[in-house]
Amino acid sequence: MKPPYYNLLQQAQTCAQSARFIEMLAIGRQIIENFSSSVDAALDVGALFLNFGYLTHARRCFERARMLAPNDLRAIVNLANVARDAGNHHESKQGYADLLKQAPNHPVIRRNLLTSLEYDPASSDAERLAQARAWGRWAIDRAGGVRVRPVMPAIEQRPLRIGYVSADFCQHTVGLFVKDVITTHDRERVMVFAYSAGQVKDWVTDAIMAACQFRDVAHVGDTDVAALILQDKIDILVDLSGHTAGSRLTVFAYRPAPVLVNWLGYFATTGLPCMDAVLLDEWHAPEGFESKFTESIIRLAAGRFCYQPVPYAPEIASSPWQRNGHITFGCFNNTAKLNEEVLDVWARILSAVPDSRLILKWRTFNDDHLREQVTGAFVERGIAAHRIELRGPSFHADLLKEYADIDIALDPFPFTGGLTSCEALWMGVPIVTWPQSRVVSRQTFAILSAIGLPELAAIDADDYVRIAADLACNQGQLRRLRGTLREKMQQSPLCDVTRFTRTLEEALHALYHEIVRNPEEYLMQQTSKTLLHVGAGHPESGAKIPSAFHTQEWREVRLDIDPVNEPDILGSMLDMSAVADESVDAIFSAHNIEHLYHNEIPVALREFLRVLRPDGFVVINCPDLQAAAQMIAEDRMMDVAYNSPAGPVTPYDIVFSHRLFTGRDKPFMAHHSGFTLKVLMGTVVSNGFLSVGGKRRPAAFDLWVVATKMKIPEEQLRVLAEQVLPAS
């Protein structure tokens, strides 16, 4: 049922789309005044204002909605979105985290949290990976648990059936990138389906619809979408959204196709255990990036992107410095990508190039408060206000014309440009970028590398300033670049849509055949985590792993120093060189640490940290000297403290080692260290683990500790401890 203010809202929307923003604001205020007690009116008008960059007006609407309905999470979600778009990443992150506590199963909140972390320069690789993995576990649970891979029919005598899933089959970054690939697919080799979860349909949508089997699933539930994909007998299902707006990544948790792949629309791991692969390239993901992904990385030889300009792109204008007498830098990226370090570096560039100017353009510069805030930030850094020009939104054709006003584009970081960078280069504007440790920070670097200009990529902040300042001083080079960039792009792999599409088809065929040949290996790789059981003992008589690891999700790998115990890996806590760096998700060490000398304990814990993934954790179990000391103080050293599978255990055995298993022939069985809970937890933290929780079990005479490689919130640590430590 349409709300009573529906017609007014439509009028405001029409005004906004025609760039009649004053009228839009007036109608929005009229709706708020006339429907002052309506939460939905405040939310709908706030969303309209937010979509067209009026952050302050949007914030007021959402705060009004929160006042009217304090328990309605929609207002709080939107306030976090406002903070993100304004570049207030700490506020945004805290908002999403608080929301997640209140609504842990809300898909939009979970999705927004993950995406916002990619904008936040303070978020670590480990934190982003851990959050993505948590999302993956949530999605699998939501879908009813781990699903078996569907049967993989032979494809030798028929086309490979590829399904693309996206909410952005329209004039959006993803739609513009993928449109020409879909229309260029070899129909003898592939049959293409598009599953559209978006609301917008335009000329890009029309082109895609004409080139494939098009399914509108915007209003279809996950289980029904999965059933439709199965009905279409898709061989490879390709997600183009990741965790961005409108994503249907939760459908992939149902495993509706034999092979699942992520490509193009996202810039990090999905965290989904059943996702087989992610399509990147050597520039986005150099060797060593595997630890940042739950998926296997396939590096496309032709690059991750394939750019085709829009048909209405204007001709390249002459260099603006020739008209203006000064250099003009510019950036047309989302203001959510701005942060203090970006502003610092850009201010240094403006200081290094006298009388230069900076043009920033994004829809949020419709907002007066943000304009004042950004201008003030440069003034605080010694840059006069008249050197900063902030422009609001415009139609795409007009935006492209505005590159005529820019000599050199400056790329934000860590979230760099994608389509924006392609368009700047197409309009003859060189870009200075700074690739870092995130895939999203390497987008422009990949584009520059594909067209033969990697020298515009900096190695650090100082290098970024140097490259930009040197380029500004070399007007001959600027003139040459402006005159040759478009041709350079046209002749590069970046714009060779036929070559790119054939490379993509080959990669997908190869992946399908690889999984057909090794289905169990891929299943193990993608649906399980690795538990390294250190000092495991013999399979029949050794330590038993905690019940939390007795699931399909976990795969136990046993390491032991004694070959008699038939370990998977022969080695010790002090030398686990047979285990690769960051290759295991968890470590379980039961009654081992007390066998080490005091000076060996840091060595072992450093080995644990080395082999753990960034979001990994260790569970350590050892004797409780405090409980043993109590019996010793009562002169009961040789009394039985408890009975173990190996026989009775006394306080003497707890302190010095079990007499039945210690001798000169087995020196590694002797005890050389001892712990109370306080000492054990302190030892773990002082040797590099960042979060630790533990418990005593006096009746069992043992201690249990769980410690994480990365810092995690107290509540998250408590949940983990409840999962992996014994109840009593």
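As the structure is a prediction and not an experimental result, all values here were calculated from the model.
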Supply the atom-to-atom distance [X] [atom1] to [Y] [atom2], rounded to the nearest 0.5 angstrom.
X	Y	atom1	atom2	answer
His172	Ser166	NE2	OG	7.5 Å
Trp135	Arg142	CH2	CZ	9.5 Å
Ser38	Asp44	OG	CG	7.5 Å
Phe177	Leu240	CZ	CG	12.5 Å
Leu494	Cys306	CG	SG	7.0 Å
Leu117	Leu129	CG	CG	11.5 Å

Work out which heavy atom in [X] is nearest to a heavy atom in [Y]; give both atom names and the distance.
X	Y	answer
Leu471	Pro430	CD2-CG, 4.0 Å
Cys61	Ala42	CB-O, 3.3 Å
Asn366	Gly392	OD1-CA, 4.2 Å
Thr708	Ile712	CG2-CD1, 3.7 Å
Gly418	Ile447	O-CD1, 3.5 Å
Ala139	Leu272	CB-CD1, 3.9 Å

Are side-chain heavy atoms of [X] and [Y] found at a separation under 4.5 Å?
X	Y	answer
Thr328	Asp405	no
Lys292	Ser437	yes
Asp125	Pro614	no
Phe35	Pro4	yes
Thr250	Phe252	no
Phe415	Leu338	no
Ser241	Arg111	no
Asn339	Pro121	yes

Using the test side-chain hydrogen bond (donor to acceptor under 3.5 Å, both in side chains), find all partners of [X] that sit at least two apart in sequence or belong to another chain.
X	value
Asp344	Arg381
Asn105	Trp138
Asp168	none

Test salt bridge (charged side-chain N to carboxylate O under 4.0 Å, His left out) applied to Arg248 - qualifying residues, sequence neighbours left out
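Listed in chain order: Asp222.
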Return the set of residues passing side-chain contact (heavy atoms from CB on, under 4.5 Å) with [X] (not counting sequence neighbours), or none when no residue passes.
X	result
Ser196	Phe169, Phe214
Pro320	Arg323, Asn324, Asp407, Arg482
Arg66	Glu63, Ala75, Ile76, Leu79
Gln436	Phe413, Pro414, Trp434, Ser441

Hey, could you give me each pair passing side chain to side chain donor-acceptor pair (under 3.5 Å) that has a residue in [range]? Not counting sequence neighbours.
range	answer
residues 411-427	His396-Glu423, Asp411-Thr433, Asp411-Thr444, Ser421-Thr444
residues 350-365	Asn334-Trp362, Thr335-Thr364, Asp355-Arg357, Ser356-Arg387, Lys361-Ser394, Lys361-Glu402
residues 262-272	Asp239-Asn262, Thr269-Thr294, Thr269-Glu295, Thr270-Glu295

Does atom NE2 (His386) have a neighbourhood of more than 12 heavy atoms from anything else shown, all under 6.0 Å?
yes
Within 6.0 angstrom of Lys201 NZ, more than 12 heavy atoms from elsewhere:
yes
Determine whether the aromatic ring centres of residues His326 and Trp321 are separated by less than 6.0 angstrom.
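Ring centres of His326 and Trp321 not closer than 6.0 Å.
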State whether [X] and [Y] are salt-bridged, where the test is any N-O pair (Lys NZ or Arg NE/NH1/NH2 against Asp/Glu carboxylate O) under 4.0 Å.
X	Y	answer
Arg613	Asp615	no
Arg128	Asp120	no
Glu91	Lys93	no
Asp281	Arg442	no
Arg29	Glu23	no
Lys337	Glu118	no

Among Phe267, Phe289, Phe305, find the residue that satisfies the ring-ring contact (aromatic ring centres under 6.0 Å, His included) test when tested with His284.
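Looking at Phe267, Phe289, Phe305, the match for His284 under the ring-ring contact (aromatic ring centres under 6.0 Å, His included) is Phe305.
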Could you tell me whether the side chain of [X] and the main chain of [Y] form a donor-acceptor pair under 3.5 Å?
X	Y	answer
Thr375	Glu372	no
Ser449	Phe445	yes
Ser18	Arg20	no
Arg391	Leu360	no
Asn78	Phe62	no
Ser124	Glu127	yes

Side chains of residues 46-58: which donor-acceptor partners sit under 3.5 Å, not counting sequence neighbours?
residue, atom, partner, partner atom, Å
Asn51, ND2, Ala47, O, 3.2
Thr56, OG1, Asp367, OD1, 2.9
Thr56, OG1, Asp367, OD2, 3.1

Side chains of Asp98 and Gln102: do they bring a donor and an acceptor to under 3.5 Å?
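The criterion, which ignores hydrogens and geometry beyond distance, is not satisfied for Gln102 and Asp98.
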Does one side chain, of Asp85 or Tyr119, offer a donor that lies under 3.5 Å from an acceptor on the other?
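Judged by distance alone, the side chains do not pair up.
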Kindly assign one of parallel, tilted or perpendicular to the pair Tyr403 and Phe332, based on the angle between their ring planes and the thresholds 30° and 60°.
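Tyr403 vs Phe332 ring planes: tilted.
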Do you know which of Asn112, Val108, Ile109 makes side-chain contact (heavy atoms from CB on, under 4.5 Å) with Leu99?
Ile109
